[in-house]
Structure formats: C-alpha cells, structure tokens
Engineer: 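Sharing a structure with you now.
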Number of protein chains: 2
Amino acid sequence: MDQRRKPPTIQDVARFARVSTATVSRALSRPERVSEETRARISEAVQLTGYTLNQTARSLRQRTSNTILVAIPDIRNSFFSEILDAIEREAAIRGYGVLIANLLIGEEPVKRLQQYFLSHRADGLVLLDGTIDIKQLREITAANVPVPLVIACEAIPNSEFHTVVTDNETASERATRHLIELGHTRIGHLKGPKNNIIADHRLSGFTAAIKSADLEFHPEWLFDGGFRMDEGVGAAEQFLRLEDRPTAIFAINDESAIGFVSRLRAAGIECPRDISVIGFDDLEIASHFAPPLSTMRQPREELGHMAAAALIDYLEGDRDDSKAKTIALRSELIERASTLRVQ
Amino acid sequence: MDQRRKPPTIQDVARFARVSTATVSRALSRPERVSEETRARISEAVQLTGYTLNQTARSLRQRTSNTILVAIPDIRNSFFSEILDAIEREAAIRGYGVLIANLLIGEEPVKRLQQYFLSHRADGLVLLDGTIDIKQLREITAANVPVPLVIACEAIPNSEFHTVVTDNETASERATRHLIELGHTRIGHLKGPKNNIIADHRLSGFTAAIKSADLEFHPEWLFDGGFRMDEGVGAAEQFLRLEDRPTAIFAINDESAIGFVSRLRAAGIECPRDISVIGFDDLEIASHFAPPLSTMRQPREELGHMAAAALIDYLEGDRDDSKAKTIALRSELIERASTLRVQ
DNA sequence: CGGCCGCATGCAATCGATTACATTGCTCCC
DNA sequence: GGGAGCAATGTAATCGATTGCATGCGGCCG
C-alpha cells in the first residue's frame, strides 16, 4: 500500500495548508514572519504529511551542508576517538552531521581534504592532526573555496587560524619537573613522530625542564617513538641497547608509555622499581594499568566540545575573520604508581 | 584578484568546450558515449577552469548522497574505533563519505537514525550497535524511505538484513572451554549490558560450554558488567563480596577484563596466581597488559572492511533483496599469561 | 482624502547537476 | 532511393528547497 511512496516534499505541505511553498519555507525557518493562523495550518499539514526537510535541496540552494569534517590522524587511538566523541555530541545538538577523514591513508592528505570542500560536502573542518604543516594548511584554504577551519591539536604560532589547544609545552615541562622533584637526575624522553607539532612542543617542554634544573642533556636518552604502543615497544628496545641508562622517562603519551613499560617488563626491568615513567593524556587505561600510570591529564572532552562549538559559531556567525581566536586549556598532573621517588 | 570567485560549475566547462552541459555531464560519467574529440576538448576545459563536481547538486538530482552512516554505541571503545577505521578506508576508496552517529546520546536513537535518511543525508547504514532490537530496526526501515542496512555486530536470526558477524557464540564457548581445559571447574562470567544481542550470544556460548562439561552452573558467578573498564571494576566489587568464589572468569571483552583484573589487584587478588581471566576482542592493549591477556581475537579490520563493501555493493548493485546475505568471520583463541593451569 | 508604510503572502528564479526526449546527420541494406 | 538504425549532441525539465521581488491590503498621518 504505502510502500515506496515518495517522501513528502514542501510542495505537499503547501497543498495541504493551502499556501505557497514560500510560506511553508518561511513558517519553518522564521516562524515570526508568518501569521499565527497560517502557521498553525502549516504545522498541522506537516504532521499530516509526515514531512521532513530534504537537506540536500537546502544545501544546494543555501550553499551550506550543515556538515563538518573532522580530520584525524588515527581514529584507533583512544585519545582521538574521545575527542571525536565530544565533537559529534556538540555537532548533533546543533544540527550538524560529522564526516570523518582518517588521514593515515592515501596520498596527499591535503588533496583529500580539499575534495570535501570543493564538492561542497562539508562547511568546515576540525583538524586534529599535528602532522600537517602550515604551508599545506594554507593550500587547503587557498583553493577557490575558503575553508573555515579550527585547529584542535596544537597552536601554530602567529597563525591566522582559530585554535583550541592544550598547553603541550608547559604541561610537558611540568611532567618532566615531576620526575626531577622525585629526585631523578637521569631523565630520558620517548619522542613522538617526526614533523609533528605536538611532538615538537612536548620535546621543547622536556628540554626546558632539563635545562632549568641544570641537568645534563643526553641526546642518546631521546628515544625514537610515536603515539602508538608498538612504537613504545620500539623505544624500549632502543633503551635496552644502552649501557648507560636513564632512571626516568617522560613519554610522549600514555599509549607509547604502556608499550615501553610492557617491553621492559618482558626484559626484567620493572616499573617503577627500576625505572619511573610518566605519560601524557590520562587515557582510561592509564589508571588500570599495572602499575597505574602517572600522566598529564588533558581535558579531551572539553577540547572536542570547544572545537566543535568554535567552528559552528564561526560558520553561523558573521565570520569575522579579523582575529583568529585561540582557546587554551590546561592539563593537570596525575600522580600514580609509575613514578617513584629516588632512594 | 581571484579571491572569493565562485567555484566553476559545469556551465563554465560547457562554455569553454563549446558544448552543452549535457555533453559535459556525459563525458564525465560515461565517457564512451561521447566522441573522442569532444571528450578531449572537455577534459581540457576541466583543467582550465579547475572544475570539480558539486556533490550536492548531484545528490539532489540522483537522490543519492554517496555517504554512508555508521551507527556506533561508543566511539571511545577501541574495538569500535578500529572497525570504524576499516569502514572509512573502504568507503574512501569507493568514493563514499562516512558520517558517524554515536548512539550513547540523545533520546530515541532510532529517531536520530531515521532523521539522517529522511533528510537524504546518507544512502545506507552500517549498524555496530547490538542494543537496538529488531522491532526498532524495522521501524527504521519502515519509514517511507527504505534504509539499506548492514548489521555488523551480531547476526539476528532469520532476519531480512544483510549481516557481517563474528562467531560470538562459538567463540565464547571456545574461550570458556579453554578455561575448562586448564583444569578449572569453578568458572564465572563477566556479563555484558542487558538487552544487547552480542552479550546474549556470548552468555549462551558460556553456558553451553559449562553444560557440556557437566560443570555446575552457579548463577551467582554471573557478574553484572558491560563493555567498559569501569563496569569491569564494578563486577570485581561484586566478586569481592562473594564468599565462595570462582577460580576463572570469562569476561565479555578485554576492556571489562582489564577493569576487573585491576580492581582485584588493588584488593590483593592477583591474576593469574589467584584467578584466571580470559577476555574477548584482542585489543592492542591486551598483549601489553600485565599480565598479558588471553582473549578471543576478532578480525576487526576484516569486519569493517566487509561491512562497508557489502553495503556499497548493495547500494550500487541491483539491490536484489531476495536473499539477505550473511558473512561470518571466525575468531581465534589467543593464549597469554592471564590464564593458568590449575595446580 | 491621498499617499506611504509595513505585514503577510505569492510568483518565479535560482542553486548545479542529470537525463528523457528530440534532433541531426550518417551509414547501410533491400 | 528510401527508410531503418545508430551515434553524437542539444534542449529543457527536473530534483526540493530558498529567497528577491512583487502584490494586496489595512492603518496611520498630515
């Protein structure tokens, strides 16, 4: 009977309510511009027909898609998926859809992102990937279509982009100082990926703390790692090859810290008995790991929330570009059992 | 100069190539229907103008969005985010965008999903959530618009839906049997959420194994849990209140197993010394946890890949609904240190 | 009383593609 | 030689909403 009947359009509603489609459209988007009486008739007609807006048609006419694109370096990393979660929440509340683009794949991430905007699939972009550099960003923006953009991974100094960040550098300094305060003097760092802004800033924070405590800087105590557990494992193997080892490590994040600790344990080196390790992020696993991991807690949820809100505000506001806003969030030291006072 | 210039349309290309828009459209989508010469002129014009398709306009006309929707119970769970990753990969290759809907939030998840289709934002749905029941699913489909759907969490018996599943029941039986083979006779189960198909099937598998080994079934050894670590912690507290405790646990998944083990450790009960625990999923963390977790490995990547492929095949094929296809994938027992032979 | 204003509404163009149908010109075959 | 058949292309309708520009009408003011 009613199967495959085409979904009702604004035309149907107009017919039922005995008004023009223009009036229906107005009644739905700016009710105050329509008399109370017809408004009532129209909403009755909407009920009756079961009308819902065809978003595609609106997009075509208004040149907006009510969709934002989130570019993520690696969805599988819980850190990002939690931010993504917060972004989706906020977007849903405000009537936006969320498209995802996982950048690990494909050549030319920039091309892929541009494509979304050139084809009018998304109105704006939340960028979580610290590996894209400014020049590439400008390229995205440079295409005929300017791309409303919020960077939500790391501040890019003096940039013209809106930004939501945590205090990576200061927080890294704080984490390292925590190790120093526990009496450690031989401190290493498990580095993040190359050419990644976040990694760069965390390294700076680490170095700053070492310097200001007048500790000697050992380049061989900088371990090549990354944000993933297996990269933490790799760093551990590099560590094991050393003769002269540090007694404490500041790891780029919790995942790599976990990989690191677990690999060392397999080699008979126990954390925190033989080595103290502090991570970054405070993933849920951090508190359940053995040993529970000291770490810098990032306000992930807030980060995602603010990023989405900032982008949508901008999209719906007057797009005053004059000032790029920067919202900075603070991380917090969480002390757990993985860092131990030197005897 | 060239700023804010409107992006080129198919009209512009047509003008440059001195043909009609119809010809341009044909040249781009079905090149063989256009003479070689004009095809060349057109592709030159495309280059010149920098034309890219306006996906919105196409969507409106063709009534397809080239977008799929992925409904996820909890993005933050690595298990799902890994599947999502695989879905996105496959979709990107085939030219589809991926919208996400995190179902934890909001009233009436079904309403939310319907909304996406009623508004023509997505062409099809991959459902990862085992908590929606069939009646609700039918509701999604029952709206005027039929919703192409692939269920990728659990088979729904005799259902009319396309499905990609792992063998939850058999695998759970296998996991439990693993504990039995190690000599355990006092075995409990850390349950999943109520009204969740996956959880139901894993429980059945567990019970089946217990029965077929002629072990006594202890209802008080079924612990209320869920898929999250904190729910594993809750289950551990329930465990601690028992006088008469099991010596082995089959947990609904790795995350809850981790929460469980970590809470017990805090109470002085060590895994595997005092209790053996096996999980499900083989998350990356499972192998790095202390102790490394025995578990049933699910082919997550394949699962996501197959689900996306099946959906897109269906969308692009002749939509032969006559037979709902079911693709079943096998899980694999991974033995690690968290399960120990009874002395 | 006449003109102006503003409210509520309608008419029709518009967004940018796709596609049914029409047209043209050519080949081929009886 | 005439018509069928086909390939290449054009014309214009169409998808479903939004919105600039009328239009009609009533009220208010000088």
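All chains are named by letter (A, B, ...) in the order of the sequence lines, taking the proteins before the strands, and each is independently numbered beginning at 1.
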Engineer: For a quick check of understanding: with a heavy-atom distance under 4.0 Å over all strands, which category does B:Ser29 fall into, base, sugar-phosphate or nothing?
Structural biologist: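 Counting heavy atoms under 4.0 Å across all strands, no contact is made by B:Ser29.
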Engineer: Indicate yes or no: does B:Asp313 engage B:Arg94 in a salt bridge with an N to O separation below 4.0 Å.
Structural biologist: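 Salt bridge present between B:Asp313 and B:Arg94.
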Engineer: Does B:Thr23 place a side-chain N or O at less than 4.0 Å from the phosphate oxygens OP1/OP2 of D:dT9?
Structural biologist: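 No, outside the criterion.
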Engineer: If we fit an axis to the first five pairs and another to the last five of the helix from C:dC1-D:dG30 to C:dC30-D:dG1, what angle do they make, to the nearest 10°?
Structural biologist: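 Overall, the helix from C:dC1-D:dG30 to C:dC30-D:dG1 bends by 60° from one end axis to the other.
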Engineer: Would you kindly say whether B:His305 and B:Glu90 are connected by a side-chain donor-acceptor distance under 3.5 Å?
Structural biologist: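 A donor-acceptor contact under 3.5 Å links the two side chains.
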Engineer: May I ask you to verify whether the side chain of B:Arg61 and the base of D:dT14 hold a donor-acceptor pair under 3.5 Å?
Structural biologist: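 Looking at the base of D:dT14, it does pair with a donor or acceptor on the side chain of B:Arg61 (distance under 3.5 Å).
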Engineer: Any base atoms under 4.0 Å from A:Ser35, or only sugar-phosphate, or nothing? Heavy atoms, all strands.
Structural biologist: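 Sugar-phosphate: the residue A:Ser35, judged by heavy atoms under 4.0 Å, touches backbone atoms but no base.
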Engineer: Can a side-chain donor-acceptor contact be found between A:Thr56 and B:Arg121 if the only test is distance below 3.5 angstrom?
Structural biologist: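 Short answer, no.
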Engineer: Classify B:Val24 by what it touches in the nucleic acid, base, sugar-phosphate, or nothing, heavy-atom distance under 4.0 Å.
Structural biologist: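 Answer is nothing: B:Val24 stays at 4.0 Å or more from every strand.
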Engineer: Let me know the distance between CD of B:Gln62 and P of C:dA20, rounded to the nearest Å.
Structural biologist: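 After rounding, the gap between these two atoms is 11 Å.
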Engineer: Side chain of A:Ala22, heavy atoms from C-beta onward: which of D:dT18, C:dA12, C:dG16 has the nearest atom to it?
Structural biologist: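 Of the candidates, C:dA12 comes closest.
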Engineer: Using a 4.0 Å heavy-atom cut-off, does B:Ser25 contact any base of the nucleic acid, only the sugar-phosphate backbone, or nothing at all?
Structural biologist: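 Base, at least one base atom sits under 4.0 Å.
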Engineer: For A:Arg63, which contact category applies under a 4.0 Å heavy-atom criterion: base, sugar-phosphate, or nothing?
Structural biologist: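 Sugar-phosphate contact only - A:Arg63 comes under 4.0 Å of backbone atoms but never of a base.
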Engineer: So, the side chain of A:Thr23 versus the backbone of A:Val19: is there a donor-acceptor pair under 3.5 Å, distance only?
Structural biologist: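 Not confirmed, A:Thr23 side chain does not pair with A:Val19 backbone.
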Engineer: Salt bridge between A:Arg112 and B:Glu88, side-chain N to carboxylate O under 4.0 Å?
Structural biologist: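 Between B:Glu88 and A:Arg112 there is a salt bridge, with a charged N closer than 4.0 Å to a carboxylate O.
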Engineer: Assign A:Thr56 to base, sugar-phosphate, or nothing according to its heavy-atom contacts below 4.0 angstrom with the strands shown.
Structural biologist: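 A:Thr56: no heavy atom of the nucleic acid under 4.0 Å.
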Engineer: Please work out if B:Val19 contacts a base, only the sugar-phosphate, or nothing of the nucleic acid, heavy-atom cut-off 4.0 Å.
Structural biologist: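 The answer is sugar-phosphate, as B:Val19 gets under 4.0 Å only of primed atoms, P, OP1 or OP2.
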Engineer: Please check if any side-chain donor atom of B:Tyr96 sits under 3.5 Å from a side-chain acceptor atom of B:Glu316, or the reverse.
Structural biologist: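 The answer is yes; a qualifying pair exists.
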Engineer: Is A:Arg300 paired with A:Glu82 through a side-chain N to carboxylate O contact shorter than 4.0 Å?
Structural biologist: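 Here A:Glu82 pairs with A:Arg300 in a salt bridge, since their nearest N and O are under 4.0 Å apart.
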